[in-house]
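The next block holds one structure in the form of structure tokens; read it before the comments.
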Amino acid sequence: MKKVLETQRLILRKYTENDFDALYKILSDPETMKHYPKPYDESGTWRWINWNLDNYSKYGFGLWAIELKENGEFIGDCGITMQNIDSESLPEIGYHINKNYWRKGYAKEAAAAVRDWLFNNTEFDSVYSYMKYTNIASYSTAQSVGLRKIKEYPDPKDEFVYVYRITREEWEDIK
């Protein structure tokens, strides 16, 4: 599969159906998915893959599989999806890393590359990240790549959601 992005340690590429087993290990893990309503079952994992395949066709982007350059191991995903954030459809950087690879900087490395890809390849003036208020790791990653908290709002399924954003102008200043 052709890579979409490459960083110092990672390759980001489009999902394939062959990614099911590795992705299922991540999305079905209760610890990894503790900020979601519940872990995903097999059919939810297939929906995730198919949703991203559809996003590639519809938008030219989606969440991309992350592989370690050194050995090709699938460790998660990162990319852009259009999300309903406080009743607006906005481009969001999302990331999910296998818990065996947490705290190694992979989410930050992938998210920075995805942020740069968005500003270099789309006309969007901003990119967002949103998460349940208890998801410290997620908002720490967003902050580490230059996004700053712009609001929080109540959400029926997540209690409170934090919204982070970086504008094209802010990105220009940090690159």
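Each residue takes its place number in the sequence, starting with 1. Below, each value reflects all heavy atoms present in this structure, side chains not excepted, and no hydrogens, waters or symmetry copies. Fair warning: this is a prediction, and the values are worked out from it, not measured in the lab.
- Look at Arg168 and Asp173 and you find no salt bridge, because none of the NZ, NE, NH1 or NH2 atoms lies under 4.0 Å from a carboxylate O.
- Put simply, OH on Tyr153 and OG on Ser87 are 7.5 Å apart, with the number rounded to the nearest 0.5 Å.
- Separation of atoms CD (Glu6) and CZ (Arg13) is listed at 13.5 Å; rounding is to 0.5 Å.
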- Quick one: do Asn121 and Phe61 satisfy side-chain contact (heavy atoms from CB on, under 4.5 Å)? Show the steps, please. CA-CA 10 Å; Asn121 293 282; Phe61 53 79; over 6 Å; no

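- If you check the side chains of His35 and Thr134, you find a donor sitting under 3.5 Å from an acceptor.
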- Could you please spell out the steps behind the side-chain contact (heavy atoms from CB on, under 4.5 Å) verdict for Glu109 and Arg9? CA-CA 8 Å; Glu109 189 173 327; Arg9 302 179 294 166; 2.6 Å; yes

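- Put simply, the side chain of Asn120 gets close to the backbone of Asp116: a donor and an acceptor are under 3.5 Å apart.
- The main-chain N or O of Asn50 is never found under 3.5 Å from a side-chain atom of Asp54 such that the two would form a donor-acceptor pair.
- Of the residues Leu147, Ile93, Ile150, the one that meets the side-chain contact (heavy atoms from CB on, under 4.5 Å) test with Tyr128 is Ile150.
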- Checking side-chain contact (heavy atoms from CB on, under 4.5 Å) for the pair Ile97/Ile66: CA distance, chi angles, key distance, verdict? CA-CA 9 Å; Ile97 303 292; Ile66 301 173; 3.7 Å; yes

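- One finds the NZ atom of Lys25 at 13.0 Å from the CG atom of Leu27 (value rounded to the nearest 0.5 Å).
- Using cut-offs of 30° and 60° on the angle between ring planes, the pair Trp51 and Trp48 is perpendicular.
- Taking the ring centre of Trp171 as origin, the terminal cationic atom of Lys175 falls inside the region bounded by 6.0 Å and 45° from the ring axis.
- Shown here for Tyr24 and Ser28, the closest heavy-atom pair between the two residues is O-OG, 2.5 Å.
- Within the model, atoms OG of Ser129 and CZ of Arg148 stand 14.0 Å from one another, a figure rounded to the nearest 0.5 Å.
- Between Leu23 and Asp77 the shortest heavy-atom distance is CD1-OD2, 4.4 Å.
- Cation-pi contact between Lys149 and Tyr164: absent, since separation from the ring centre below 6.0 Å together with deviation from the ring axis within 45° is not met.
- Between Arg165 and Glu170 there is no salt bridge, since none of the side-chain N atoms of the basic residue sits less than 4.0 Å from a carboxylate O of the acidic one.
- The two residues Lys69 and Leu10 come nearest to each other via the heavy atoms CE-O, 3.9 Å.
- Hydrophobic clustering (side-chain heavy atoms under 4.5 Å, transitive across Ile, Leu, Val, Met, Phe, Trp, Tyr) keeps Ile26 apart from Ile11.
- Enclosure of atom CD in Glu172 by more than 12 non-hydrogen atoms of other residues, nucleotides or ligands within 6.0 angstrom is indicated.
- In this structure, the separation between CZ on Phe74 and CD on Glu67 is 8.5 Å, given to the nearest 0.5 Å.
- Between the side chains of Thr81 and Gln83, at least one donor N or O lies within less than 3.5 Å of an accepting N or O.
- Across all non-hydrogen atoms, the minimal contact from Ile49 to Phe20 is CD1-CA, 3.7 Å.
- The two residues Ile166 and Gly146 come nearest to each other via the heavy atoms CD1-O, 3.6 Å.
- Between Arg115 and Val145 the shortest heavy-atom distance is NH1-O, 2.6 Å.
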- Message: With side-chain contact (heavy atoms from CB on, under 4.5 Å) as the criterion, how do Leu5 and Trp64 come out once you've worked through the C-alpha distance, each side chain's angles and the decisive distance to 0.1 Å?
- Response: CA-CA 9 Å; Leu5 285 170; Trp64 296 305; 4.0 Å; yes

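- Judged purely by distance below 3.5 Å, without hydrogens or angles, the side chains of Tyr101 and Glu73 pair a donor atom with an acceptor atom.
- In this structure the side chain of Leu12 never reaches within 4.5 angstrom of the side chain of Lys3, judged on heavy atoms.
- With hydrophobic clusters built from ILVMFWY side chains whose heavy atoms lie under 4.5 angstrom apart, Val161 shares a cluster with Ile85.
- Under the 4.5 Å side-chain heavy-atom criterion for grouping Ile, Leu, Val, Met, Phe, Trp and Tyr, Phe119 is connected to Val4 within one hydrophobic cluster.
- Ring orientation note: the planes of Phe160 and Tyr133 are nearly perpendicular, at an angle over 60° on the 30°/60° scale.
- The aromatic rings of Tyr40 and Tyr36 sit perpendicular to each other, their planes meeting at more than 60°, with 30° as the lower class boundary.
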